[in-house]
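One structure is given below, encoded as structure tokens.
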Amino acid sequence: MMKSVLAVSEGGPDAAMSFKLASRVATEFDGAVDALHLPVGPAGGMVGGLAMSGEAMPLIMNLDDERLEERSKQSERAYKDTLALVKGATYTAAKTATLDAMVAMGRCSDLLVLGRPGADPENVAPATVEAAIYECARAVMIAPPNPGNGNFNSVVVAWNGSFQAARALEYALPFLEKASKVTLLVVGSKPDDVGASYLARNLARNNINANIDAIDPGAVSGRARGRALLTYTHNKNADLLVMGAYGRGQVLSFLGLGGATGKVISSCRVPLLMAH
């Protein structure tokens, strides 16, 4: 279950996104939220021991101490507005906090929640996303600008038979068990070629009734496949999208991730649960 949620903020627009979605998840599962503020830049960005790709290195402005302090206050205000009343909630902030702190806390949590990257002009490609996905060995949820509220009734699972998709599915089981509608979506393949019917049968044994659907965007780029997945998810008014994270270290892709992965992270309008 999702009893321990780590919500990460670097100040700026991601604070409200991350904390609001974390509150929504905690309410759904009667869990608690640990909020963590990381300072933008070298103190909170690249640290030794994390195998970050060059493409994922944070693009940041040279912020002075006064601006860094204001960003810390933004995280604190977002915490007080959205999480302070959640039972068991905690708040951690330190000028010397690093990604190592996030990874250590993340590995002890059930789920990490981060705001969507790319919307912050002072930190347009934070390394936190890649560190969360590839170093924490936990599910990661990316919050859109409007994290929504209420239950996660309709869930779309992007299924291609890969170990990344299987791992994301495993982490998403608590959501699938509560959902009223679960769709296994196969993009660019035949469902039988990726074991979709076998998966649906096994989910049914766990009282999860999943429908199988397929779309074929044709011989297109990874970003185009990601766009097709997003169009389907948005048109179905899904409350949650589940998918594996692919392509770490790719050149000229958002956050140094695979084309489809980067596209979905940067543009998904509903909460996105990912795992590698």
(request) Tell me whether Y246 is reachable from Y232 by hopping between hydrophobic residues (I, L, V, M, F, W, Y) whose side-chain heavy atoms are closer than 4.5 Å. (result) yes
(message) Restricting to non-hydrogen atoms, name the atom on A228 and the atom on P217 that form the minimum distance, rounded to 0.1 Å.
(response) CB-CB, 4.0 Å
(message) Could you tell me if the side chain of M102 sits less than 4.5 Å from the side chain of L38, heavy atoms only?
(response) yes
(request) Would you give the length of the straight line joining atom CG of L6 to atom CG of L36, rounded to the nearest 0.5 angstrom? (result) 6.0 Å
(message) Given 3.5 Å as the limit, does a donor-acceptor pair link the side chain of S109 with the main chain of L112, or not?
(response) no
(request) Check for a donor-acceptor pair, side chain of N206 on one end and backbone N or O of N202 on the other, with a separation under 3.5 Å. (result) yes
(message) Taking N153's backbone N and O only, do any of them form a donor-acceptor pair with N151's side chain (distance below 3.5 Å, no angle check)?
(response) no
(message) Can a side-chain donor-acceptor contact be found between Y198 and D192 if the only test is distance below 3.5 angstrom?
(response) no
(message) Does D65, at its CG atom, have more than 12 non-hydrogen atoms belonging to other residues, nucleotides or ligands within less than 6.0 Å?
(response) no
(message) Keeping R167 on the side-chain end and H276 on the backbone end, is there a donor-acceptor pair under 3.5 Å?
(response) yes
(request) Can you measure from OG (S18) to CD1 (I142) and round to the nearest 0.5 angstrom? (result) 9.0 Å
(request) Output yes when D216 and R225 qualify as a salt bridge under the 4.0 Å nitrogen-oxygen rule, no when they do not. (result) no
(request) Kindly say whether V264 contributes a backbone atom to a donor-acceptor pair with the side chain of S267 at under 3.5 angstrom? (result) no
(request) To the nearest 0.5 angstrom, please state how far the CE atom of M243 sits from the OG1 atom of T233. (result) 9.5 Å
(request) Look up atom OH in Y79 and atom OG1 in T92, then write down how far apart they are to the nearest 0.5 Å. (result) 9.0 Å
(request) Please tell me if the side chains of D64 and R67 come closer than 4.5 Å, counting only heavy atoms from C-beta onward. (result) yes
(message) Could you check whether any side-chain heavy atom of L184 comes within less than 4.5 Å of a side-chain heavy atom of L203, counting everything from C-beta outward?
(response) yes
(message) Taking the side chain as everything from C-beta on, heavy atoms only, tell me whether M274 gets closer than 4.5 Å to I265.
(response) yes
(message) Using a strict threshold of under 4.0 Å (side-chain N to carboxylate O), is an ion pair present between E70 and R77?
(response) yes
(message) With a 3.5 Å distance limit and no angle check, can you tell me whether N235 reaches the backbone of T231 through a side-chain donor-acceptor pair?
(response) yes
(message) How long is the straight-line distance from CD1 of I208 back to NZ of K178, given to the nearest 0.5 Å?
(response) 12.0 Å
(request) Would you name the heavy atoms of F175 and V25 that are closest together and state the gap between them? (result) CZ-CG1, 4.2 Å
(request) Answer whether the closest heavy-atom distance between the side chains of E28 and M2 falls below 4.5 Å. (result) no
(request) Could you tell me whether the side chain of D110 reaches within less than 4.5 Å of the side chain of M1, counting heavy atoms only? (result) no
(request) Please answer: with hydrophobic residues joined when any side-chain heavy atoms are less than 4.5 Å apart, are M141 and Y134 in the same cluster? (result) no
(message) Going by side chain to side chain donor-acceptor pair (under 3.5 Å), name the residues that satisfy it together with S9, two or more places apart in sequence or in a different chain.
(response) S75
(request) Quick one: pull up CG in L185 and CD1 in I212 and give me the separation to the nearest 0.5 Å. (result) 11.0 Å
(message) Take a 6.0 Å sphere around NZ of K3 and say whether it holds more than 12 heavy atoms from other residues, nucleotides or ligands.
(response) yes
(request) List the steps, then state whether side chain to side chain contact (heavy atoms under 4.5 Å, CB included) holds for Q74 with R71. (result) CA-CA 5 Å; Q74 289 173 345; R71 291 179 67 92; 4.0 Å; yes
(message) A side-chain contact here means heavy atoms from C-beta on lying under 4.5 Å apart; do S180 and S154 qualify?
(response) no
(message) Count I, L, V, M, F, W, Y as connected when their side-chain heavy atoms are under 4.5 Å apart, and connections chain through other members. Are L272 and I215 then in the same cluster?
(response) yes
(message) Looking at every non-hydrogen atom in both residues, tell me the closest pair between P144 and C268 and how far apart they are.
(response) CB-O, 3.6 Å
(request) Taking R24 for its side chain and P147 for its backbone only, find out whether a donor-acceptor pair lies under 3.5 Å. (result) yes
(request) Examine distances only and state if a side-chain atom of W159 and a backbone atom of V194 form a donor-acceptor pair shorter than 3.5 Å. (result) yes
(request) Kindly give the heavy-atom pair with the smallest separation between P271 and F152, and that separation in Å. (result) CG-CE2, 4.1 Å
(request) Report the C-alpha distance between V113 and V5 in whole Å, list the side-chain angles of each, state the deciding distance to 0.1 Å, and finish with yes or no for side chain to side chain contact (heavy atoms under 4.5 Å, CB included). (result) CA-CA 7 Å; V113 179; V5 180; 3.6 Å; yes
(message) Same cluster or not: Y171 versus V140, using hydrophobic residues (I, L, V, M, F, W, Y) connected whenever any side-chain heavy atoms lie under 4.5 Å apart?
(response) no
(request) Answer yes or no: is there a side-chain heavy-atom contact under 4.5 Å between V156 and L240? (result) no
(request) Determine the minimum heavy-atom distance between V33 and A7, stating which atoms define it. (result) CG1-CB, 3.9 Å
(request) Indicate if Y91 and L68 have the same hydrophobic cluster label, given that clusters are the connected sets of ILVMFWY residues with side-chain heavy-atom separations under 4.5 angstrom. (result) no
(request) State, to 0.1 Å, how close A26 and A32 come at their nearest heavy-atom pair, and which atoms those are. (result) CB-N, 4.5 Å
(message) Can a donor-acceptor pair be found, under 3.5 Å and without considering hydrogens, that links the side chain of R107 to the backbone of E135?
(response) yes
(message) Using a 3.5 Å distance criterion without hydrogens, assess whether the side chain of H234 forms a donor-acceptor pair with backbone atoms of R269.
(response) yes
(message) Can a side-chain donor-acceptor contact be found between T183 and D213 if the only test is distance below 3.5 angstrom?
(response) no
(message) Between the side chains of E76 and K80, is the shortest nitrogen-to-carboxylate-oxygen separation below 4.0 Å, so that they form an ion pair?
(response) yes
(request) Walk me through it: do T27 and N149 pass the test side chain to side chain contact (heavy atoms under 4.5 Å, CB included)? (result) CA-CA 10 Å; T27 300; N149 51 62; over 6 Å; no
